[in-house]
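Okay, so here's the structure we're looking at.
Just so it is clear, the model here is predicted, and its values are computed rather than measured.
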Amino acid sequence: MVMIHETAEVHPTAQIGPGTRIWHQAQVREEARLGRECIISKGVYIDYGVVIGDRVKIQNGAMIYHGVTIEDGVFIGPQACLTNDKLPRAINPDGTLKRDADWEVGRIRVCYGASIGAGAIVLPDVTIGRFALVGAGTLVTQDVPDHGLVIGVPARLVGYVCPCGGRLGAEGQRSRGAREQGSGGAGERVVLWCQRCGTEVEVRRADWERV
Ligand SMILES: [Zn+2]
């Protein structure tokens with residue numbers, strides 16, 4: 001069963017998965033596709049053609065624009081904004097109003113289990129990796145690796161996080177050589193541990209060394 005609050009506006013061509021709840025004054029536009037068991041909170045805007053997976057939570061007032069794809073299990077904090085225009089202009093150089101054909105849609109992918117903090121802004125042509133965590137108020141201008149923790153304006157990578165949200169790394173960290181992983185160079189992985197729940201997580205060595 002789908003729950004749509006009477007004040008929400010869901011376009012008839014939008015597809016909504018079973019168990020999804022859409023709250024007060026949310027707007028879901030044409031051809032948007034939402035999976036099952038999602039929570040779309042008050043005042044959320046979901047643009048036309050946006051694709052959202054299962055068990056996604058989108059908090060009050062978040063803006064999700066055309067060109068965005070959100071995988072399963074993603075959290076989007078209140079008033080986060082996922083944008084789609086890298087060269088925003090209302091008008092063409094000749095002063096005429098820009099039409100759909102006059103600009104190029106940027107793409108954003110938010111991968112499985114990732115979280116985006118309150119008030120964060122994500123610029124177009126960015127992928128946010130699996131279980132990555134974007135801090136509140138962060139401005140994301142480039143890709144975030146799997147499990148990466150980014151904060152600040154512009155975002156900088158400051159660490160790694162577990163699926164539980166705890167910090168990974170530092171103590172007890174050890175590295176696994178390329179041979180052990182059966183691949184060389186960029187394929188080399190570092191094994192980290194969660195300081196909260198003890199889970200072991202592998203990240204790319206090249207990413208780990210960016211911190
Ligand atoms: Zn953990």
Does CZ in Arg33 sit with more than 12 non-hydrogen atoms of other residues, nucleotides or ligands closer than 6.0 Å? no
Would you list the pairs meeting ring-ring contact (aromatic ring centres under 6.0 Å, His included) in which at least one residue belongs to residues 35-60, sequence neighbours left out? Tyr45-Tyr65, Tyr48-His66
Under 3.5 Å, side chain of Asn60 to main-chain N/O of Ser41, donor-acceptor pair present? no
Working to the nearest 0.5 angstrom, can you tell me the gap between Asp47 CG and Gln27 CD? 8.5 Å
Salt bridge check: are Asp102 and Arg99 linked by an N-O gap of less than 4.0 Å? no
Transitive ILVMFWY side-chain link Val2 to Ile39, under 4.5 Å: no
With sequence neighbours excluded, tell me which residues meet ring pair (Phe, Tyr, Trp, His ring centres under 6.0 Å) with Phe131. Tyr112, His147
Only one of Val28, Asp54, Val50 clears side-chain contact (heavy atoms from CB on, under 4.5 Å) with Leu34; which? Val28
Let me confirm one number: the CG-OG1 distance from Leu149 to Thr138, rounded to the nearest 0.5 Å. 8.5 Å
Count the heavy atoms belonging to other residues, nucleotides or ligands that lie under 6.0 Å from CD of Gln79, then report whether that count exceeds 12. no
What's the verdict on side chain to side chain contact (heavy atoms under 4.5 Å, CB included) for Val140 and Ile116, showing C-alpha distance, side-chain angles and the deciding distance? CA-CA 10 Å; Val140 180; Ile116 296 178; over 6 Å; no
Is atom CH2 of Trp23 surrounded by more than 12 heavy atoms (other residues, nucleotides or ligands) closer than 6.0 Å? no
